[in-house]
Amino acid sequence: MMNPANQTQFIDQGLASDPTNRLPVTLTINGQAYPLQLESRVALLDALRENLHLTGTKKGCDHGQCGGCTVHIDGQSALACLTLAVMSEGKAITTIEGLAQGETLHPLQAAFIRHDALQCGYCTPGQLMAASAWLSGQPPRTAAEIQEAMSGNLCRCAAYPNILAAILEAQGA
Ligand code: FES
Ligand code: FES
């Protein structure tokens, strides 16, 4: 009898190799349409990174706990690891690659540089996408409100004081 681990692998391989399990999906990312053929189970995060090589969106936990995969969907902050790619069709997806306007950095990006708000930088795209969605069009917030709103974005390098300083500055920009 096949053990459960091998059975899972067998099922996964079967799905991956069967083109009938794929659906036509067009994702609109940073203003550009990307037609894809994807299995219905593929997360937006994997479609971005593996299919489209938009690797700025980071895979940290892959379980909705670190915020590293934060993108914008129709202007709202969303975790790409918990979002099915097929459910994102017809929506405006923005990734870190689309945050700057050409050569002009988003005010948060510029503030992160000024405040040295990163060490390894792995969490930085998620921090920027979460903060930019949250601050967009909103009145300035207190430090405590920012810390609460950003509590879902973890930084293993503990750059939190500099991240907070950058957001405090950028929200007035
Ligand atoms: S990779 Fe999505 S929340 Fe951690
Ligand atoms: S800068 Fe390294 S995880 Fe945040």
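Start at 1 and go down the list; that is how both ligands and their atoms are numbered.
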Please determine whether residues [X] and [Y] belong to a single hydrophobic cluster, defined as Ile, Leu, Val, Met, Phe, Trp and Tyr linked transitively by side-chain heavy-atom distances below 4.5 Å.
| X | Y | value |
| --- | --- | --- |
| L164 | L135 | yes |
| W134 | I73 | no |
| V86 | L44 | yes |

*Among pairs that include at least one residue of residues 111-131, which meet side-chain hydrogen bond (donor to acceptor under 3.5 Å, both in side chains), considering only residues two or more places apart or in two chains?*
R114-E169, H115-E169
_Over 12 foreign heavy atoms within 6.0 Å of CD, Q76_ = no
*Using a cut-off of 2.8 Å, find all protein N, O or S atoms closer to atom 4 (Fe) of ligand 2 than that distance.*
C123 SG, C155 SG
*Pick out which of T57, N30, T70 makes a side chain to side chain donor-acceptor pair (under 3.5 Å) with T95.*
N30
*Hey, could you give me each pair passing salt bridge (charged side-chain N to carboxylate O under 4.0 Å, His left out) that has a residue in residues 51-68? Not counting sequence neighbours.*
D46-K59, K59-D62
_Tally of protein N, O or S atoms, where distance to atom 4 (Fe) of ligand 1 is under 2.8 Å_ = 2
*asked:* Once rounded to the nearest 0.5 Å, what's the spacing between atom CG of N153 and atom OH of Y160?
replied: 8.5 Å
*Hey, which of L84, L23, N21, N51 is the one that makes side chain to side chain contact (heavy atoms under 4.5 Å, CB included) with L38?*
N51
